[in-house]
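Here is the structure we will look at, set down as structure tokens.
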Amino acid sequence: MTTQTPESAGIVDPSAVLDERFKDAISSVLPDLPREQIQTHITPSRQPKFGDFQSNCAMPLAKRFGMQPRELAAKVIEAIDVTGIAEPMNESSIAGPGFINITLLPSAISDALGSLDTPQLGITPPDSPPTVVVDLCGVNLAKQMHVGHLRSTVIGDAIARLYERMGYKVIRQSHVGDWGLPIAMVVQKLIEREDAGLDLQTVTLAQLNTMYKQAQSECKAETKAVQLLEKVGGHPKAMAELELRIENANEHMERAKSRLVALQSGDSESVRVWQRIYDITMSACLHTCARLHANVTDEHSAGESTYRDELGSVVQDLIDRKIAEEDDGALVVKCDGIKEPTIIRKRDGGYLYATTDMAAIKRRVGTLGGDIVVYCVDSRQSLHFKQVFAAAHKAGYDKASDGHDASLVHAMFGTILGEDGKPLKSRSGENLNLSDLLDEAVSRAEATLSERSPDITGDERHQIAEAVAMAAVKYTDLAIERVKDYIFSFDRMLAFEGDTGPYLLYALVRIRSIFRKAQEAGIDTGAIESAPFDLREPSEKALALKLLRYPSVVEGASLNHEPNRMCAYAYELASGFSSFFDQCPVLKNDDDSLRASRLRLCALTGRVLEDALQTLGIPTVDRM
RNA sequence: GCCCCCGUAGCUCAGCUGGAUAGAGCACCGGACUUCUAAUCCGACGGUCGCAGGUUCGAAUCCUGCCGGGGGUGCCA
């Protein structure tokens with residue numbers, strides 16, 4: 001056992017050092033307690049008056065050994081060696097039922113900051129990085145991206161970035177809805193239009209979207225209306241009218257179904273049109289992803305169509321190994337603890353989305369080597385994933401090459417609501433087009449920008465507005481706890497006041513501005529790189545302590561798939577910087593060494609903030 | 001019917017896996033600008049953490065039961 005000494009190795013994480021010291025102390029007080037069972041419960045203190053850190057170890061340990069908590073705390077304090085890390089402790093360090101309050105030595109904080117001030121910012125990649133597969137975005141062919149895709153894309157990308165930042169191997173997978181009957185309907189429709197003289201090369205995604213909706217309604221038979229009319233005795237004319245429409249719908253449906261068969265069997269005409277639809281859709285959607293600063297590109301597309309040749313063998317495998325069974329004509333997998341069986345083949349022999357997802361798990365774990373597979377998908381699909389995960393587990397499709405089960409996670413998210421508390425829709429009740437929504441955010445941002453910073457104009461203004469708008473929209477989406485619904489409000493996210501994306505950008509702008517000013521003043525900013533930290537004001541000490549938390553925040557946010565933790569941290573950091581900046585003159589300071597210390601603190605804060613925003617996928621600006 | 005999610009200040013939301021007097025932002029009120037960018041900072045106001053039990057030194061957090069809102073419930077995705 002080697003206890004890291006701050007003198008030799010440098011303190012990277014004060015709480016890790018404290019953890020070791022407390023373990024040593026507790027071991028000597030309670031020799032019968034195996035060291036690996038000791039939990040020191042070291043956490044940052046909530047309030048400065050309780051010191052910088054606290055240990056809550058005394059209460060549970062005292063209970064276990066039948067002692068008084070405060071008495072045990074006193075013994076731990078007597079035994080502990082805090083040399084080089086914290087102020088000496090005494091009776092007054094014990095508070096309440098047995099909290100032990102710890103105040104770090106100023107030198108320990110400075111040392112730790114110095115250790116953090118490296119290119120990696122204190123985050124060390126694992127020796128053998130696990131592979132994480134992130135399912136995100138998931139657009140559908142012939143449909144424009146709408147608000148429903150925003151969260152999957154933005155949150156999914158942030159989760160992927162978090163794991164990348166941790167040094168894991170990340171594989172993004174956009175499960176594009178590019179297969180099945182709905183697509184066949186559009187293919188059929190497009191072929192009919194082409195026969196009527198439409199030039200496929202001129203078709204836009206918006207047109208495809210319209211055709212998609214038309215095809216849907218044309219194929220929808222109003223059988224329920226007829227049944228109802230028969231029941232209550234409808235007017236013969238109405239009945240006849242309805243029956244005619246059903247006949248039409250059935251014809252459309254039949255054509256779509258045979259088009260699906262043709263498409264599935266590789267009919268060249270069908271495939272050519274399908275490919276065109278695919279290209280039109282993906283080029284528009286990937287453009288929107290790029291605009292959102294979401295790293296979703298062509299290489300991440302893994303549409304349902306790519307599983308078409310694997311479905312049959314998956315089903316056969318499940319039959320052969322008696323994992324699936326017949327039930328009322330359908331083929332299902334029954335799993336313990338889930339009432340609803342997972343249907344993997346319909347009575348008519350067709351496959352379903354559960355079948356595709358089974359094949360996807362097999363590929364993601366078996367072929368891609370995923371140790372963790374994260375699905376960033378709407379919470380309404382929670383039952384579906386519960387079923388599919390259980391079925392895949394029963395089939396052993398989640399078994400990684402090393403024999404361990406991969407972890408399958410549904411990182412679900414809630415709905416975006418309008419101001420009325422209902423799911424956000426357009427005036428006409430349709431899904432809100434995502435790029436329209438982004439356009440509006442940009443124009444609002446640009447209006448505010450021209451008002452607040454009239455000196456910024458033209459192209460630069462537009463570019464800044466674009467970045468500010470994306471930051472506003474994304475930060476709002478990421479900052480809310482994933483599973484919750486939230487109310488979308490341009491006014492709030494673009495008010496640029498308080499806990500918003502623009503606030504974070506503003507803090508960074510001020511930091512960057514400091515260094516521009518420093519350069520203008522002829523201050524050698526290169527010399528600050530190794531300047532000793534002199535943390536004399538409460539606000540700069542508070543900022544320093546916030547900075548030191550960064551590595552553990554990245555870890556917590558990634559492993560729990562909770563980007564909102566990063567957002568909360570980024571806001572706290574920006575806020576801590578603003579207080580510091582208000583209270584501590586940096587350039588307007590005559591003390592050279594203090595100025596150097598503060599400049600270095602600004603630089604480090606800037607780098608951490610930048611890194612946090614980068615990890616969330618939020619763009620930054622130099623001016624605003 | 002059954003299953004899942006949510007319920008915290010007037011509004012929008014946090015609460016680091018059970019810790020101290022539950023925190024921010026907005027709104028409202030009072031302060032700080034010949035600015036290191038006031039898109040900021042400082043202060044004041046504001047809560048029976050849906051309700052009722054339970055677990056224990058200690059519960060917004062864990063368990064049970066209600067109430068309210070949303071979603072889902074074998075052959076759509």
Side-chain angles (χ1 to χ4, degrees), chain A residues 41 43-47 49-50 54 56 59-60 62-63 68-69 95-99 101 138 140 177 180-182 304 327-332 334 338-348 350-354 356 378-384 386-387 412 414-415 417 421-423 448-449 452-453 468 476 479-481 483-487 489 491-492 495-500 502-503 505-507 509-518 521 539 549 552-553 556-557 560 562 564-565 567-569 571-572 575 578-589 598 602 623-624:
Chain A
H41 293 107
T43 66
S45 295
R46 263 184 185 281
Q47 298 175 62
K49 69 171 174 180
F50 295 137
Q54 62 182 314
N56 303 335
M59 286 82 80
K63 181 186 169 67
Q68 294 295 320
F99 300 111
N101 292 331
N140 299 299
L181 192 56
E304 292 172 347
D327 190 345
D328 199 17
L331 191 69
V332 305
K334 292 181 178 170
I338 303 175
K339 206 177 69 181
E340 301 87 344
T342 312
I343 302 177
I344 55 166
R345 194 180 63 197
K346 296 191 283 185
R347 198 185 303 193
D348 68 5
Y351 302 131
L352 304 94
Y353 69 142
T356 310
D378 200 322
S379 65
R380 284 176 300 191
Q381 300 205 26
S382 63
L383 175 59
H384 166 69
K386 197 171 148 191
Q387 291 176 307
M412 64 173 102
T415 310
L417 308 173
K422 292 180 194 154
T448 310
L449 193 59
R452 301 214 189 202
S453 303
V468 168
T476 305
I480 269 99
E481 203 188 343
V483 298
K484 289 190 177 173
D485 296 348
Y486 76 91
I487 294 175
S489 163
D491 286 338
R492 219 178 314 117
F496 298 0
E497 274 146 22
D499 188 3
T500 63
Y503 176 89
L505 298 195
Y506 181 65
V509 160
R510 293 170 100 185
I511 293 171
R512 290 175 177 171
S513 174
I514 279 268
F515 285 94
R516 277 197 301 269
K517 280 277 180 346
S539 63
R549 282 172 41 210
S552 67
V553 169
N560 292 286
E562 289 180 348
N564 68 306
R565 292 197 196 190
C567 293
Y569 174 80
Y571 176 71
E572 271 185 53
S575 170
S578 292
S579 296
F580 155 77
F581 198 54
D582 189 68
Q583 284 147 37
C584 301
V586 179
L587 296 175
K588 290 181 172 178
N589 200 306
R598 287 180 175 170
C602 287
R623 303 169 67 202
M624 64 189 281

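Chain letters run A, B, ... following the sequence lines, proteins first, then strands; residues in each count from 1. Side-chain atoms are counted along with the backbone in the values below, which use heavy atoms only and exclude waters and symmetry mates.
Of all nucleotides present, none satisfies the Watson-Crick or G-U wobble test against rC16(B) with each distance under 3.5 Å. Across all strands shown, nothing is found opposite rA27(B) as a Watson-Crick or G-U wobble partner with both distances under 3.5 Å. When Watson-Crick and G-U wobble pairs are counted only if both distances are under 3.5 Å, rC62(B) pairs with rG54(B). rG68(B) and rC6(B) make up a base pair, with Watson-Crick or G-U wobble contacts both under 3.5 Å.
Distance Ile511(A) CD1 to rA39(B) C1': 15 Å, rounded to the nearest Å.
Toward the 5' end of RNA chain B, the nearer of the two residues Phe496(A) and Ser382(A), judged by each one's closest nucleotide, is Ser382(A). Comparing Asn56(A) and Arg46(A) by the nucleotide of RNA chain B that holds the closest heavy atom to each, the one mapping nearer the 5' end is Arg46(A).
On a pure distance criterion of 3.5 Å, no polar donor-acceptor pair joins the side chain of Lys484(A) and the base of rU12(B). The base of rC42(B) has none of its N or O atoms less than 3.5 Å from a complementary donor or acceptor on the side chain of Asp582(A). Between the side chain of Tyr353(A) and the base of rA77(B), at least one donor-acceptor pair of N or O atoms lies under 3.5 Å. Between the side chain of Glu572(A) and the base of rA24(B), no donor-acceptor pair under 3.5 Å is found.
Stacking here means ring centres nearer than 5.5 Å and ring planes tilted less than 30 degrees, and by that measure Phe99(A) does not stack onto rG19(B).
Among the protein residues, Asn101(A) comes within range of the nucleic acid bases, having at least one heavy atom under 4.0 Å from a base atom. Pro182(A) comes within 4.0 angstrom of no nucleic acid atom, judged by non-hydrogen atoms across all strands. Tyr569(A) comes within 4.0 angstrom of nothing in the nucleic acid, heavy atoms only. Nucleic acid contact for Asn560(A): base, since at least one base atom lies under 4.0 Å from a heavy atom of the residue. Within 4.0 Å of Asp328(A), counting heavy atoms only, lies at least one base atom of the nucleic acid. Base engagement by Ser453(A) is indicated by at least one non-hydrogen atom pair under 4.0 Å involving a base atom. Using a 4.0 Å heavy-atom distance criterion, Glu481(A) is classed as a sugar-phosphate-only contact. Across all strands, Ser379(A) comes closer than 4.0 Å to no nucleic acid atom at all (heavy-atom distances).
A donor-acceptor contact shorter than 3.5 Å is absent between the side chain of Thr356(A) and the backbone of Glu304(A).
Phe496(A) and Tyr506(A) have their aromatic ring centers separated by at least 6.0 angstrom.
Among the nucleotides rU40(B), rU56(B), rC76(B), the one closest to any side-chain atom of Glu497(A) is rU40(B).
Glycosidic conformation of rU17(B): syn, with the torsion inside 90° of 0.
Remark: Lys517(A) is in phosphate contact with rU37(B), judged by side-chain N or O atoms under 4.0 Å from OP1 or OP2.
Below 30°, between 30° and 60°, or above 60°: for His384(A) and Tyr353(A) the angle between ring planes is below 30°, a parallel geometry.
Crowding of Gln68(A) atom CD: a count of heavy atoms from other residues, nucleotides or ligands under 6.0 Å not exceeding 12.
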